[in-house]
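As structure tokens, the structure follows; a few thoughts come after it.
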Amino acid sequence: MLSAIKTYNDKRFLSIFCFGIASGFPWIMIGSVLSAWLKDDGLSRSAIGLFGIIFATYSINFLWSPLVDKLKPPRLGQRKGWIFSMQIGIVLCCLAMSQLTTTSHLFYIALVGLLTAICSATQDIAIDGFRIDCIAENDKDGMSAASSVATAGWWTGYGGLGAIPFFLADLTDWSWANIYLLLGVLMALLAIATLLAKEPDIDRSALLYHMDSEGTDDANANASAQDKIARWLKSTLISPFSEFFARNGVKLALSFLLFIFLFKIGEAFLGRMSIVFYKEIGFTNSDIATYSKLLNWWVTIVFSLLGGIVNIRYGIYRGLMVAGVAMAASNLLFAVIAQTGPSTSLLAFTVIVDGFTGAWSTVAMVAFISLLCNRAFSATQYALMASLSVAGRTFVASSSGIVVDSLNGNWSLFFTLTAVMVIPSLVFLYSIREHIKNVQNPLAPKT
């Protein structure tokens with residue numbers, strides 16, 4: 001256990017933590033803050049739920065992820081250049097959002113929200129690539145530690161910084177539109193931190209050269225311009241995906257992808273409606289900020305780091321299984337709140353349990369996905385698998401408001417259903433447990 005703790009003694013983890021903050025923060029802009037704004041201005045549960053379609057961007061960002069792996073922005077480097085550019089785009093979106101109102105500009109609010117999601121999802125591709133590139137090949141302990149630090153950072157952006165808008169909404173006369181100005185300023189500060197990070201020392205061109213059977217000097221020298229373009233397109237758009245399926249086999253690769261998709265569907269349904277639920281049940285904006293954001297933030301940081309240590313000590317499979325069981329249990333606690341009413345003590349207990357499950361499951365999942373990636377295509381392959389994890393939150397969970405309405409606002413039954421949704425993924429997890437235990441970095445020697 002002491003050896004596991006020493007794994008965290010690495011200066012690179014500070015940059016990974018800061019990038020985690022930058023990754024989680026935009027979810028506030030297009031998630032809880034936007035939901036609270038729309039709820040306060042009288043939009044229906046179904047309409048607010050449908051705004052979750054914006055998050056579909058995170059489910060399809062693998063479509064342009066090869067460009068993030070292939071194209072190198074000038075001056076700042078492959079990873080930092082993309083991260084910084086997208087952060088500036090998010091700042092501009094916040095400035096635009098601050099000029100809009102729900103009564104006159106609902107379409108443009110959705111459009112700017114979509115642009116924010118595109119910038120954020122693209123930033124995530126580069127951030128995930130940065131984290132994988134920082135860790136040595138086949139270093140499962142380092143990958144678990146980096147995943148826990150990244151998760152702690154994500155929740156600092158989502159929970160820590162995410163509490164600020166709700167306190168301002170209750171304690172000041174700031175409008176939700178004005179709050180977006182502050183969100184833009186905070187994102188600009190994170191962009192400055194990006195400039196101070198050190199670019200990973202990875203020769204991706206050399207990795208691609210050795211993997212490409214056609215990549216000989218003679219072949220490149222004698223190739224026509226058309227052949228060179230075809231090879232570039234193949235190595236950029238096709239090779240990252242074909243290599244993943246060829247290395248694992250189609251059946252096992254599809255099994256990995258299906259599990260990743262199923263694992264967090266129940267949590268996604270709950271998360272999309274949580275702010276609406278808190279407001280309808282009687283919690284104030286300050287309650288939401290204190291418990292759902294600040295308390296959840298600290299709980300998640302603690303359990304993220306503990307989750308990383310446990311994964312190092314006992315393995316990723318056990319981490320995923322424990323998190324899945326606890327995830328179902330925590331969803332049932334929300335059903336209890338729906339019966340008892342706005343009890344802050346019960347909310348605090350529920351947030352602690354929910355923070356444990358969210359942190360534990362995310363750390364294990366991030367480490368698992370990271371180890372499945374080939375370093376030559378780290379951003380692309382991670383985006384492919386992570387997008388499936390988010391797909392439940394977008395394509396499926398965007399109907400969560402409609403489900404609540406169809407249940408006539410029966411929140412207890414709704415949260416019970418979200419708990420049941422976890423069970424299929426646990427059954428599937430058990431069936432592929434040996435494959436997960438044997439996950440090995442693709443560039444490491446096979447044993």
Side-chain angles (χ1 to χ4, degrees), residues 24 27 31-32 35 148 151-152 154-155 158-159 162-163 259-260 262-281 283 287-308 310-311 318-366 389-390 392-393 396-397 400 403-404 407 410-429:
W27 285 66
S32 54
S35 294
S148 66
T151 301
W154 194 96
W155 276 96
Y158 184 77
F259 165 69
I260 292 168
L262 289 174
F263 190 61
K264 288 204 170 188
I265 284 184
E267 183 187 58
F269 261 81
L270 185 151
R272 185 59 198 158
M273 282 287 105
S274 60
I275 297 297
V276 177
F277 168 69
Y278 292 146
K279 284 182 167 290
E280 287 195 6
I281 209 71
F283 292 109
D287 289 334
I288 295 173
T290 301
Y291 297 99
S292 178
K293 299 302 180 184
L294 287 180
L295 178 59
N296 202 11
W297 168 32
W298 284 106
V299 168
T300 304
I301 287 179
V302 171
F303 282 117
S304 293
L305 299 178
L306 288 177
V310 170
N311 286 338
R318 290 177 181 172
L320 287 169
M321 182 60 75
V322 170
V325 173
M327 196 187 308
S330 68
N331 288 9
L332 292 176
L333 287 174
F334 283 94
V336 175
I337 293 179
Q339 293 293 322
T340 60
S343 166
T344 54
S345 58
L346 181 56
L347 176 62
F349 177 70
T350 302
V351 164
I352 290 173
V353 176
D354 188 56
F356 157 70
T357 61
W360 208 282
S361 62
T362 300
V363 169
M365 180 61 75
V366 170
S389 181
V390 180
R393 184 186 295 270
V396 181
S400 55
V403 173
V404 177
L407 298 174
N410 189 333
W411 287 104
S412 293
L413 181 56
F414 172 74
F415 290 124
T416 301
L417 289 175
T418 64
V420 173
M421 290 177 185
V422 180
I423 296 176
S425 68
L426 297 182
V427 174
F428 198 79
L429 172 62

Sub-4.5 Å side-chain heavy-atom contact between Thr418 and Phe334
no
Scanning both residues in full, the closest heavy-atom pair of Ile281 with Tyr278 reads CG2-O, 3.4 Å
Rounding to 0.5 Å, atoms CZ (Phe303) and CG (Asp354) come to a distance of 11.5 Å
Mark yes or no for whether Ser35, through its side chain, and Ser32, through its backbone, hold a donor-acceptor pair below 3.5 Å.
no
Exercise: identify the closest heavy-atom pair between Val422 and Met327
CG2-SD, 4.2 Å
Trp154 vs Trp27 aromatic rings, parallel, tilted or perpendicular, using cut-offs 30° and 60°?
perpendicular
Applying side-chain contact (heavy atoms from CB on, under 4.5 Å), can you list everything that pairs with Trp155, at least two apart in sequence or on another chain?
Thr151, Tyr158, Asn296, Thr300
Sorted by chain and number, sequence neighbours left out, side-chain contact (heavy atoms from CB on, under 4.5 Å) with Ala348 holds for Tyr291, Leu295
How about Phe415 and Phe277: do any of their side-chain heavy atoms sit closer than 4.5 Å?
yes
Measuring only between side-chain heavy atoms, which start at C-beta, is Phe259 closer than 4.5 Å to Leu320?
yes
CG-OG distance between Asp287 and Ser343, expressed to the nearest 0.5 angstrom
10.5 Å
Show the nearest heavy-atom pair for residues Ser304 and Ser148, with the distance to one decimal.
O-CB, 2.9 Å
Set of residues satisfying side-chain contact (heavy atoms from CB on, under 4.5 Å) with respect to Leu333, sequence neighbours excluded
Phe349, Thr350, Val353
Is the shortest side-chain heavy-atom distance between Val276 and Val404 below 4.5 Å?
no
Correct closest heavy-atom pair for Ala335 and Thr416 would be CB-OG1, 4.1 Å
In short, Trp297 meets Gly159 closest at the heavy-atom pair CB-C, 3.8 Å
